[in-house]
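Okay, structure first, notes after.
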Amino acid sequence: MDLLFGLIPTPPPLQAKSRVYDLKARLDWGGPALTIVDVRDRSEFHASHISGAINIPLRRLMHSARINLEATRDIYVYSDANEDAALAAAKLREAGYLNVSELQGGIPAWKAVGYPIESGVAYPFRLTS
């Protein structure tokens, strides 16, 4: 993190590819606002995901992005595989999203360093017939 005039810390600038440490630093800094997008299937997302992430499966990314994402907001995308994150980031950039970063190593890298995750089913109630 840089210091603005040596007094106020600023977050590291968004890169096309980010390490988990970079994202964690942004989250710890607290601003400016960002969005974390998990492009895995819903079942994988519910099993475990980065705290605060939203789930937009890769197959529905472009349809859902138009509804859920702001074009000028910093967006971090991740998956289990760097290839899926790269594909998602490329699609978002092609659609006009200006600040998109691929989280290198995805959820496995996030877990490996012990950063916070959330898990469990999104619906805490049981449907009955």
Side-chain angles (χ1 to χ4, degrees):
M1 288 189 195
D2 294 326
L3 294 179
L4 180 64
F5 303 113
L7 302 174
I8 303 170
T10 58
L14 185 73
Q15 302 293 318
K17 294 181 181 183
S18 296
R19 299 170 306 152
V20 294
Y21 308 105
D22 301 326
L23 175 54
K24 183 69 164 84
R26 283 287 305 274
L27 291 170
D28 290 346
W29 188 77
L34 58 94
T35 301
I36 306 168
V37 179
D38 184 323
V39 296
R40 300 175 299 152
D41 289 334
R42 292 207 186 279
S43 61
E44 295 172 302
F45 176 80
H46 292 309
S48 67
H49 57 272
I50 294 173
S51 294
I54 62 170
N55 181 230
I56 305 177
L58 188 55
R59 69 182 181 284
R60 297 194 37 82
L61 180 64
M62 295 322 300
H63 170 73
S64 295
R66 290 183 190 100
I67 298 166
N68 297 302
L69 301 176
E70 298 175 32
T72 57
R73 190 174 188 134
D74 287 356
I75 301 170
Y76 290 83
V77 294
Y78 75 90
S79 182
D80 283 331
N82 286 340
E83 296 80 15
D84 290 344
L87 178 59
K91 286 182 175 189
L92 289 170
R93 289 180 190 118
E94 287 173 15
Y97 290 86
L98 305 174
N99 306 314
V100 180
S101 184
E102 307 159 30
L103 187 62
Q104 297 296 287
I107 192 77
W110 189 265
K111 288 178 179 179
V113 294
Y115 290 154
I117 61 166
E118 295 176 1
S119 61
V121 179
Y123 305 102
F125 56 87
R126 200 170 133 204
L127 297 176
T128 58
S129 43

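Side-chain atoms of Arg26 and Asp74, non-hydrogen and from C-beta on, do get closer than 4.5 Å to each other. Side-chain contact between Ile36 and Ile54: absent, with no pair of heavy atoms (C-beta onward) separated by less than 4.5 Å.
Atom CG in Asn68 sits 10.5 Å away from atom CD in Glu70 (nearest 0.5 Å). Rounded to the nearest 0.5 angstrom, Arg42 CZ and Ile56 CD1 are separated by 8.5 Å. The structure places CZ of Arg40 at 10.5 Å from CG of Asp84, a figure rounded to the nearest 0.5 Å. In this structure, OH on Tyr21 lies 6.0 Å from OH on Tyr115, to the nearest 0.5 angstrom. Atom NZ of Lys91 and atom CE of Met62 lie 7.5 Å apart (nearest 0.5 Å).
Between Ser119 and Ala47, the shortest heavy-atom distance links the atoms CB-O, 2.8 Å. For Gly105 against Asn82, the heavy-atom pair with the smallest separation is N-OD1, 2.7 Å. Of all heavy-atom pairs spanning Val39 and Ala88, the tightest one is CG1-CB, 3.8 Å.
The cluster map of Ile, Leu, Val, Met, Phe, Trp and Tyr, joined by side-chain heavy atoms under 4.5 Å apart, puts Val37 and Tyr78 in different clusters. Under a hydrophobic clustering in which Ile, Leu, Val, Met, Phe, Trp and Tyr are joined whenever their side-chain heavy atoms come within less than 4.5 Å, directly or via other members, Ile107 and Leu23 fall into the same cluster. Taking hydrophobic clusters as Ile, Leu, Val, Met, Phe, Trp and Tyr residues chained together by side-chain heavy-atom distances below 4.5 Å, Leu92 shares a cluster with Leu58. Each of Ile75 and Leu98 belongs to its own hydrophobic cluster when Ile, Leu, Val, Met, Phe, Trp and Tyr are linked at side-chain heavy-atom distances under 4.5 angstrom. In the hydrophobic cluster analysis, where Ile, Leu, Val, Met, Phe, Trp and Tyr join through side-chain heavy atoms closer than 4.5 angstrom, Leu14 is grouped together with Leu27.
Residue Lys111 forms a side-chain contact (heavy atoms from CB on, under 4.5 Å) with just one option from Val20, Ile117, Ile50, and that option is Ile117.
Asp38 places no side-chain N or O within 3.5 Å of a backbone atom of His49 that could act as its donor or acceptor partner. At distances below 3.5 Å, at least one donor-acceptor pair connects side-chain atoms of Trp110 with backbone N or O atoms of Pro116.
Between Asp28 and Lys24 there is a salt bridge, with a side-chain nitrogen of the basic residue lying less than 4.0 Å from a carboxylate oxygen of the acidic one. Under 4.0 Å is where a charged nitrogen must lie from a carboxylate oxygen, and between Arg93 and Glu102 at least one such pair does.
In this structure, a donor-acceptor pair under 3.5 Å is present between the side chains of Ser18 and Ser101. A donor atom on one side chain and an acceptor atom on the other are not found under 3.5 Å apart for Tyr97 and Arg73.
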